[in-house]
Amino acid sequence: MGTSNIADKIVVITGASSGVGESTARLLAANGAKVVLGARRMDRIDAVVKDITAKGGSALGFKTDVTKRNDVEDLVKGAIDKHGRIDAIVNNSGIMPIAPMAALKVEEWDRMIDVNIKGLLYGVAAVLPQMQKQKSGHIINIASVIGIKVFAPGGVVYGATKSAVRMLTEGLRMELHSQNIRCTIISPGAVATELPESSSEEETRKNLREFYKMAIPADSIARAIVYAIEQPADVEVGEVVIRPTMQDF
Ligand code: NDP
């Protein structure tokens, strides 16, 4: 089953209950990776695990809220208990409640920081000791094109969290490359997932649905993640930016 550099790799994925995380889990498993999946919607995680297993793949699922450090620790511990090592983590969980700053959606600002930045950092903290012990590993962090060029009004706090993801990942790369730990930033443009629905205003959701008519399938991002993981150990993919051809930013 699958390509040699993916087969039997142990890959932890957060936010694997839908969209990019789910597609990545399915594609990795189809290529022979053993995936360990976390998200809050356990019914969705169970369904993905069941489907992968029915197709002959290996998948484990955990109820994981990335804003809870213990949950993320348990997800990673679950992978190590089962498989004895971790080859890669895809820190993918994210939310995008778009709104102008003047709307003062302070609770949504907090949530974006908690999920998109702190949740991702908990993932890094959970895998790092194991990867250092192994002297190998791969940390893949999902950022966004809005972390490269801010979209405003609307995407200011979201863009700031994704810009932070890019900065954190490049800093991690500089710190960890000498320990044989690879770091990759994946920066998608508009991808057809449930993400735009995380906005709290109907008018914004309506505008996003219109904009997302050009969106590309989640599988296009999954393929980039697989590409980064399947490179030989001495080849590090630093950043991949994938957007719809029609998208201008
Ligand atoms: P989805 O909404 O389909 O997926 C988001 C995932 O994040 C879900 O599986 C959700 O699972 C999970 N998540 C949200 N909150 C939490 C939490 N507190 N704890 C654990 N998991 C959580 O959207 P996408 O697949 O598009 O999003 C995946 C990543 O891609 C995100 O980081 C997003 O910012 C990024 N991205 C997406 C783009 C797009 O256009 N779609 C563009 C650029 C970047 P659950 O609710 O079950 O916990």
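The chain is numbered in sequence order, starting from 1. Computed from a predicted structure; not experimentally measured. All values below come from the heavy atoms of this structure, side chains included, with hydrogens, waters and symmetry mates left out. Atoms within a ligand are numbered from 1 in the order they appear, just like the ligands themselves.
The part of Ala190 lying near ligand 1 is the backbone, judged by heavy-atom distances below 4.0 Å. With a heavy-atom cut-off of 4.0 Å, Ala143 touches ligand 1 through its backbone alone. With a 4.0 Å heavy-atom cut-off, ligand 1 is reached by no atom of Ile45.
The shortest N/O to N/O separation between Val66 and ligand 1 falls below 3.5 Å. Checked by distance only, ligand 1 and Thr67 stay at 3.5 Å or farther apart across all their nitrogen or oxygen atoms. Looking at ligand 1, you won't find any N or O of Val115 less than 3.5 Å from one of its N or O atoms. Considering backbone and side-chain N/O of Lys162, one or more are found under 3.5 Å from N/O of ligand 1. Between Gly15 and ligand 1, an N or O atom pair is found at a separation short of 3.5 Å.
For the pair Asp87 (side chain) and Ile10 (backbone), a donor-acceptor distance under 3.5 Å is present.
Listed by first then second residue, pairs satisfying salt bridge (charged side-chain N to carboxylate O under 4.0 Å, His left out) with a partner in residues 11-27 read Glu22-Arg26, Arg26-Asp51, not counting sequence neighbours.
Taking each of Ser23, Ala16, Ser93 in turn, the one with a heavy atom nearest to atom 13 (N) of ligand 1 proves to be Ser93.
Taking Phe151 as the reference, nothing meets the ring pair (Phe, Tyr, Trp, His ring centres under 6.0 Å) condition, with sequence neighbours excluded.
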